[in-house]
K.L.:
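Got a structure for you, written out below as structure tokens; questions coming shortly.
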Amino acid sequence: MNTLMLPITYVLLLLMIQTDDKSFSSYASPAGGNVRLKLIHSQAYAPKSNYDQMKRIRELVHSDILRRGIMFSKHHQSTRRKVWEKPRRRTNCSNISIGMPISSGRDYGTGQYFVEVKVGTPPQKMLLIADTGSELTWMNCKRHGRRRGFQSTRSSTFKTVPCSSRTCKIDFMDLFSLARCPTPSTPCSYDYRYSDGSGALGIFARETLTAEITNEKGRATKVEDVVVGCTLTLQGQGFQGADGVLGLAYSNYSFATRASHTFGGTFSYCLVDHLSHKYLSNYLTFGDAGAMSHSGLLSRMHYTKLDLASLIPFYAVNVEGISINGELLKIPSLIWAADRGGGTIIDSGTSLTILTELAYRPVVGALGEALSKRLERTKLDGGGPLEYCYNSTNPWSRFEDSWVPRLAFHFSDGARFEPPVRSYVIDAAPGVKCLGFLSATWPGVSVIGNIIQQKHVWEFNLVQGVLGYAPSTCASG
């Protein structure tokens, strides 16, 4: 199989994995509350070590480029995609929300966000990458001398999927199930291969995940019958930092859609600063009240339509243009048209914001021209992966956000997203700030990455097909 034809969704899965003995638990249906998962930055669980900011930037750029290439190829290869099946009725859990802790991966030197998830019965705590570009939730199930790893034999709710089943032969084909079936009862297996030489081989199962109810301290509920992957063999060096991936893509088999079916059709997250340590975290929440749990947030929410049909399984948004200080840049409209080879997705698994060349040049040109009037342009050591960088340690003046023009994404329905300056002018090395954008070839899909999403609440309403967002400190409360 050509590795470049694999979905980006799975690239990230395999590029960022660590191990630990912990898992999800099962599903209950309490009468009220919210369920949320705490978002933890990737480095939250990392061993103590010297922090190399430049090395981290290089690695996240490499990961972003590889990820986008695979995502784009996957989209054009997929011909059997099914649209997510919306709930036919509201369940008795639709009025509650659940949450899981989510935080930045800085302490591991990665650009991902990690989620604490409880898997199996009894629950085993796992640290998974929160990835809106991944369809499959999977965990490392073999220790290989590591401290952590999901132990499926200790879970009473772990049920493998037979290789002889229609589910394996047809439904899981987009998840890279294998055709081999030695006996009817042999578990359905998968084999992911990537262009960097990484790979994961494992078996499909259905399992129970457990999460806390957001407004009922000490109470938890279970999400049953979740499709998971139990990875038995890992190849390559891209598997450190997490125990696996939490699939949040728009797919019938992702955890996002499974949980959304149960908890009102929405999920949300609030990403802390990407340079935050593990003790600063927020929540990945499933349920109608998720984003609204932040005090005073409702009145500040903006909404735009989600395009859930053009770039499945990714969350596409209808961008109309980008402005600098209120003036729209001259960017061809076809750049934003998914039916003309373009389009834009919002992705928690990509760190930097990636723009195709015809959009990238006007954006960095306008920002760079303004910064050059205040700061001396420089290069990162060894050339560096980012093109527009500046010395921010001039002895006569300290860098000020006011020097930077205000950037905004304009959506076709009139909504506008204005990220804070420090979400697109990033610290790349000591005393060096860079524009946090990467260029991609055209035709191609642009990606709104997680750094520019930080310090905002993002709510994905999969029933109404709407994306909500609002500025927030993302301080957990």
K.L.:
Between atom CG of L467 and atom CG of L306, what is the distance when rounded to the nearest 0.5 Å?
P.N.:
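Spacing of CG (L467) from CG (L306) equals 5.0 Å.
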
K.L.:
Who pairs with S254 by side chain to side chain donor-acceptor pair (under 3.5 Å), at least two apart in sequence or on another chain?
P.N.:
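So S254 forms a side chain to side chain donor-acceptor pair (under 3.5 Å) with T257.
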
K.L.:
I need the minimum non-hydrogen distance between F267 and A256, along with the two atoms involved.
P.N.:
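In terms of heavy atoms, the two residues are closest at CE2-CB, 3.9 Å.
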
K.L.:
Rounded to the nearest 0.5 Å, what's the gap from CD1 on I129 to OH on Y113? Could you check?
P.N.:
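I129 atom CD1 to Y113 atom OH measures 13.5 Å (nearest 0.5 Å).
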
K.L.:
Tell me whether the guanidinium CZ or amine NZ of R258 lies under 6.0 angstrom from the six-membered ring centre of Y253 and within 45° of its axis.
P.N.:
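No cation-pi geometry.
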
K.L.:
Could you work out, with side chain to side chain contact (heavy atoms under 4.5 Å, CB included) as the rule, every residue matching D401, not counting sequence neighbours?
P.N.:
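D401 satisfies side chain to side chain contact (heavy atoms under 4.5 Å, CB included) with F399, V421, R422 once adjacent residues are dropped.
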
K.L.:
Where is the tightest heavy-atom contact between L128 and D243, given as atom of each residue plus distance?
P.N.:
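Scanning both residues completely, I find the closest heavy atoms to be CD2-C, 3.8 Å.
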
K.L.:
In chain order, what residues pass the side chain to side chain contact (heavy atoms under 4.5 Å, CB included) check against P420, with sequence neighbours excluded?
P.N.:
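Scan of P420 (side chain to side chain contact (heavy atoms under 4.5 Å, CB included), adjacent residues dropped) gives S423, H456.
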
K.L.:
Show me the pairs that pass side-chain hydrogen bond (donor to acceptor under 3.5 Å, both in side chains) and involve residues 361-373, at least two apart or across chains.
P.N.:
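Non-adjacent pairs meeting side-chain hydrogen bond (donor to acceptor under 3.5 Å, both in side chains): E357-R361, R361-E387.
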
K.L.:
For residues 312-331, please give each side-chain donor-acceptor pair under 3.5 Å, one per line with the distance, not counting sequence neighbours.
P.N.:
{"from": "Y315", "atom 1": "OH", "to": "L248", "atom 2": "O", "distance (Å)": "2.7"}
{"from": "Y315", "atom 1": "OH", "to": "A249", "atom 2": "O", "distance (Å)": "3.4"}
{"from": "Y315", "atom 1": "OH", "to": "Y250", "atom 2": "N", "distance (Å)": "3.4"}
{"from": "S323", "atom 1": "OG", "to": "H410", "atom 2": "NE2", "distance (Å)": "2.7"}
{"from": "N325", "atom 1": "OD1", "to": "R406", "atom 2": "N", "distance (Å)": "2.9"}

K.L.:
Will you find, in the side chains of N450 and S348, an N or O donor that is under 3.5 Å from an N or O acceptor?
P.N.:
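Result is no, nothing qualifies.
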
K.L.:
Under the ring pair (Phe, Tyr, Trp, His ring centres under 6.0 Å) test, which residues partner Y469, sequence neighbours left out?
P.N.:
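In terms of ring pair (Phe, Tyr, Trp, His ring centres under 6.0 Å), with neighbours along the sequence ignored, Y469 is linked to H302, F417, W458.
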
